[in-house]
Structures are given as structure tokens and as C-alpha cells.
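Below: the structure, in C-alpha cells.
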Amino acid sequence: MEILNGGSISATGVPRVTVQTAAHALHVQKYLPIAVLYFFLNSAGLPTGLFYTGILSPLFFLWLFRHGKRWITFKFLACLSPFVVAHAIIGIDSPFYYARSSLLLWTVCVTVYAFSLALLKYESVERLFEQLIVLNFCATVIAIILFFTPFRGVLWEDYDIEGLNEVFRLRLLTSEPSAYALLMAPLLVFVILRLIQSPGKRNLRYAVMIVIPFLLCQSFGGLSISLAGIGVAVLVAFRHVFRQRKALLVLAAMVILVAALVYVPNPISERLSLVATGKDSSTDSRTISSFIVAYSIAEPKSLLWGAGLGQAKLADVTDLRLAFTIGIIPNAIAGGFAELGIIGMLIKFALEFYFFFRTRVYENSFRLAMFVVVFLTQLTGSYVMNVQEYLMWVLAFGPFLPELDFKANIRPKLSHA
């Protein structure tokens with residue numbers, strides 16, 4: 001008896017291979033509903049800031065407990081306790097908001113821990129990504145059909161921007177188009193890198209199916225950050241890329257597509273020009289303005305420790321004359337600085353770079369691209385309790401998609417030498 005590609009092959013072969021294939025298919029389907037819930041339905045019908053993954057976190061905790069992860073709450077409290085002590089000494093304006101935000105952060109910790117453990121047990125992340133891309137494209141087709149009906153507002157966001165009459169951005173059932181783009185970022189990075197490494201009709205189809213929804217959501221921050229991650233990964237593997245004629249054709253096609261979107265008159269290029277000229281304030285509010293607000297919240301309490309979890313929501317920042325009335329900050333680092341101070345953010349950056357080298361992120365094109373994407377995302381958007389951001393860190397640090405390792409790219413070249 002011999003094992004080949006996960007299947008058990010005997011003299012007759014077929015029966016045992018069939019059993020293994022069926023078991024693998026069952027394993028794939030077991031996690032797909034959770035992935036669909038997270039990707040498509042996580043905030044559907046819920047108030048802003050509330051997600052089904054948070055509501056289901058007690059069930060995730062029980063699942064972790066059954067798998068021997070019984071100290072997660074203790075570890076969470078141990079990491080949080082220095083900040084709790086410091087904030088108690090400084091003074092907490094609202095203990096209720098502090099306790100509620102701490103509980104929400106615990107649900108995020110449990111959810112991310114459970115999802116990361118499930119992904120590590122998953123046998124084919126590549127297949128899961130492909131299924132999500134197909135389902136997302138089908139949902140996009142439905143959204144395009146509904147665009148011409150009175151139900152357009154269910155899946156599309158309508159913006160009134162100076163210089164344009166109406167801007168419609170695809171968001172499906174997520175809270176906003178930028179959140180939808182953040183969900184698609186790992187899928188976009190995956191298919192583009194795979195297409196560059198192995199150009200072909202199949203990979204091209206998957207690339208088209210994810211690029212179309214990404215363009216329709218018009219998240220230029222998400223698109224530019226994703227392209228930055230892909231660009232870094234391509235530059236690191238340039239020796240392999242520039243030896244392949246088909247890979248060069250793919251890169252040339254991407255450059256032509258981007259140029260067409262920028263210079264050919266279309267709704268996307270029109271809005272892009274507004275962003276570039278500063279008439280679309282969404283970019284500014286997620287970057288410079290967020291850090292100004294964060295400083296104004298942390299400074300009266302402690303720049304080192306911040307104002308405390310949940311306390312930013314109590315701050316009245318209307319006197320700053322920015323696009324903020326209260327301290328709900330759409331930037332993960334700025335929000336973290338406001339509530340956890342310089343110390344909290346230094347710990348965050350230290351952990352990111354520690355795991356970068358500890359897990360050898362630089363050896364895999366997908367993981368390197370994801371590291372760049374999520375690192376830039378935290379500086380230009382997201383928020384402290386964002387499960388999407390932490391799961392992207394998991395994808396960057398986890399041993400996923402080994403077929404996109406840089407060593408795998410150059411090994412065939414060496415073997416023919």
C-alpha cells in the first residue's frame with residue numbers, strides 16, 4: 001500500500017482513493033459555512049460595530065476549550081492587566097465603557113484564535129479561497145442585476161461627493177465598501193500572485209472574478225495597498241518573474257489595466273481624481289485627521305498608556321473642526337494610540353516584526369504580500385476591534401500556501417541547471 005496525494009492506493013486503487021477524496025471533500029465543506037458567514041453575512045442586519053462572529057464567540061470559546069486551549073482567557077487577562085492597572089491609576093471616565101470594550105476585545109481574541117486554529121487544521125486553504133471567489137462573483141452578478149431595481153440600496157452604497165452627482169459603490173451585506181474591500185484583499189493577492197507564478201486560463205478566470213467586484217466597490221485605499229503588497233512580493237522574486245515570458249505579459253496587462261482605469265474617463269477615474277485633489281475627504285479622515293483626534297484624546301490622560309479602552313467614544317472633538325464629532329477613529333494605530341497609548345502601539349509593532357522574522361514571512365510571496373497589506377492597512381484604516389485585520393495577520397504569519405514559496409519558484413530552475 002502506498003500513500004499518494006493524500007489518498008490510499010492499493011492494488012485495485014479506486015475504492016480507497018474514493019474514500020480519501022470523499023473525506024477530504026467533507027473536511028472542506030465542514031468549514032465553508034463558517035467562511036461564508038464571516039465573508040458575506042457577518043454584519044448583515046446588525047447594528048454598526050456588532051458582528052455575528054462576536055455573538056458566536058462563546059461557542060468558539062467552547063470549541064477551543066474542547067481542543068485543549070483552556071488558558072486563553074487567563075492569557076488575555078494577563079496581557080491586559082498592566083493597562084488596566086495603569087488606567088485605574090490615571091482615572092477611567094466610564095468603567096462601563098471600559099468593561100464593555102474589554103469584553104468585546106476578548107470576543108475578538110477568541111474569534112481570531114478559533115479561526116486561526118481552524119485554518120491551521122484546514123487541508124486546502126487554496127481551495128477555500130477559490131470557493132469564496134466563485135461565491136463572491138455570483139453575489140456580485142446578483143448585485144449588478146439588483147442595481148437596476150428598487151432593491152439597489154441593499155447591496156450598494158450611494159455617496160454624494162462634490163464634483164459628482166452620485167457615486168455607487170458595491171458593499172454587498174458588509175457595513176461599508178472599504179470593509180468589503182478588506183475582505184477581498186487576501187483573495188485578490190492570492191489569485192494575482194498565483195497568476196504571475198503560473199499563467200493560465202484557469203488562474204486568469206479566478207483573477208477576473210475577484211478583480212471585477214474589487215473595482216466595483218471603488219476602495220482605492222484597499223486597491224492601492226493590495227497592489228503595494230503584490231508589488232513588493234514581485235520585486236523580491238524578480239529573478240524568477242523576469243525569466244518567464246508569460247509572467248511578464250501578466251504584469252504588462254496589469255499595468256495597462258491600471259493606466260486605463262486612471263486615464264480613460266470612467267466613474268472610477270472620476271472619483272480617483274477627486275481623491276487626488278483632496279475633494280474626497282475619506283482618505284484624510286482615515287490618516288492625518290485620525291492621528292490628530294487620537295492625540296487630543298490621549299494627551300489629557302497619558303500619552304504613554306492612553307485614555308483606556310472604550311474611552312475614546314466619550315470624547316467630544318468637535319472643537320478640532322475635523323470630520324469628527326466624537327472619538328470613533330477609523331484607523332487602527334491611531335485608535336490604539338488613543339486608548340492604549342505609545343506603550344500599546346510599541347508592543348504591537350514589536351510583535352509584528354518579531355513574528356515577521358520568527359515565521360520567515362519573507363520566504364513566501366503570499367505571506368510577504370499579506371504582511372505589507374495589513375501593515376499598511378493598520379496605518380490607513382481599520383480599528384482596534386477589527387477581526388478582519390487580525391485574521392490577515394494570521395494569514396501573514398501562518399504556514400499557508402507553501403506552493404507560493406520563493407524557494408518553490410527557483411527550485412525547478414536549479415534542477416535543470
Side-chain angles (χ1 to χ4, degrees), residues 28-29 31-48 50-53 127-161 163-192 194-195 201-224 226-227 253-254 256-258 260-262 264-275 280 282 388:
V28 170
Q29 297 300 325
Y31 290 109
L32 183 60
I34 298 297
V36 170
L37 171 67
Y38 165 74
F39 193 93
F40 296 102
L41 306 171
N42 205 8
S43 61
L46 295 179
T48 302
L50 187 62
F51 301 95
Y52 288 110
T53 50
R127 180 57 183 157
L128 178 64
F129 279 10
E130 290 177 346
Q131 290 175 323
L132 288 175
I133 289 170
V134 172
L135 291 174
N136 183 58
F137 183 74
C138 293
T140 301
V141 172
I142 295 173
I144 293 173
I145 295 173
L146 292 180
F147 182 84
F148 303 97
T149 72
F151 300 101
R152 176 171 57 196
V154 177
L155 304 177
W156 295 80
E157 195 78 22
D158 183 5
Y159 290 86
D160 291 325
I161 300 177
L164 295 176
N165 293 328
E166 285 182 309
V167 175
F168 294 98
R169 300 173 61 188
L170 180 65
R171 62 170 173 83
L172 293 187
L173 296 176
T174 61
S175 57
E176 59 177 352
S178 59
Y180 178 45
L182 192 62
L183 281 170
M184 289 191 289
L187 305 180
L188 179 69
V189 170
F190 160 68
V191 295
I192 296 300
R194 190 176 67 170
L195 179 62
K201 292 183 180 179
R202 182 176 183 273
N203 291 340
L204 179 61
R205 284 196 297 268
Y206 280 106
V208 171
M209 283 192 288
I210 195 63
V211 167
I212 290 175
F214 215 110
L215 293 178
L216 290 177
C217 79
Q218 295 193 46
S219 176
F220 299 114
L223 181 59
S224 58
S226 299
L227 291 177
M254 289 176 59
I256 293 173
L257 175 61
V258 172
L261 290 173
V262 172
V264 176
N266 61 78
I268 295 177
S269 64
E270 290 175 0
R271 182 164 175 265
L272 183 60
S273 65
L274 293 179
V275 173
D280 187 334
S282 60
Q388 293 176 232

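If you're wondering where the values come from, they're calculated on a predicted model, not measured in any experiment.
- Within a 6.0 Å sphere centred on CZ of F147, heavy atoms belonging to other residues, nucleotides or ligands number more than 12.
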Inset, instruction - Test L216 against Y180 for side chain to side chain contact (heavy atoms under 4.5 Å, CB included), laying out the working first. - result: CA-CA 11 Å; L216 290 177; Y180 178 45; over 6 Å; no

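- Between L188 and S226, the shortest heavy-atom contact is CD2-CB, 3.8 Å.
- Distance check, rounded to the nearest 0.5 Å: CG of L215 to CZ of F220 gives 8.5 Å.
- The distance from atom CZ of F129 to atom OH of Y206, rounded to the nearest 0.5 Å, is 13.5 Å.
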Inset, instruction - Kindly indicate, with the supporting measurements, whether the criterion side chain to side chain contact (heavy atoms under 4.5 Å, CB included) is fulfilled by L32 and L128. - result: CA-CA 7 Å; L32 183 60; L128 178 64; 3.9 Å; yes

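- Here CG of L187 is found 11.0 Å from CE of M209. Values are rounded to the nearest 0.5 Å.
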Inset, instruction - Could you give me the CA-CA distance, side-chain angles and deciding distance for E157 and C217, then say whether side chain to side chain contact (heavy atoms under 4.5 Å, CB included) is met? - result: CA-CA 9 Å; E157 195 78 22; C217 79; over 6 Å; no

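- Rounding to the nearest 0.5 Å places CG of L135 at 5.0 Å from CZ of F40.
- Side-chain atoms of S178 and S219, non-hydrogen and from C-beta on, do get closer than 4.5 Å to each other.
- Interatomic distance, CG of L170 versus CZ of F214, reported as 11.5 Å (0.5 Å rounding).
- Contact detail for Q218 and R169: the closest heavy-atom pair is O-NH2, 3.2 Å.
- Here CG of L172 is found 5.5 Å from OG1 of T140. Values are rounded to the nearest 0.5 Å.
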Inset, instruction - Show the numbers, then the answer: is there a side chain to side chain contact (heavy atoms under 4.5 Å, CB included) between N203 and V191? - result: CA-CA 7 Å; N203 291 340; V191 295; over 6 Å; no

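- Using a 4.5 Å heavy-atom threshold, the side chains of L173 and N42 count as separate.
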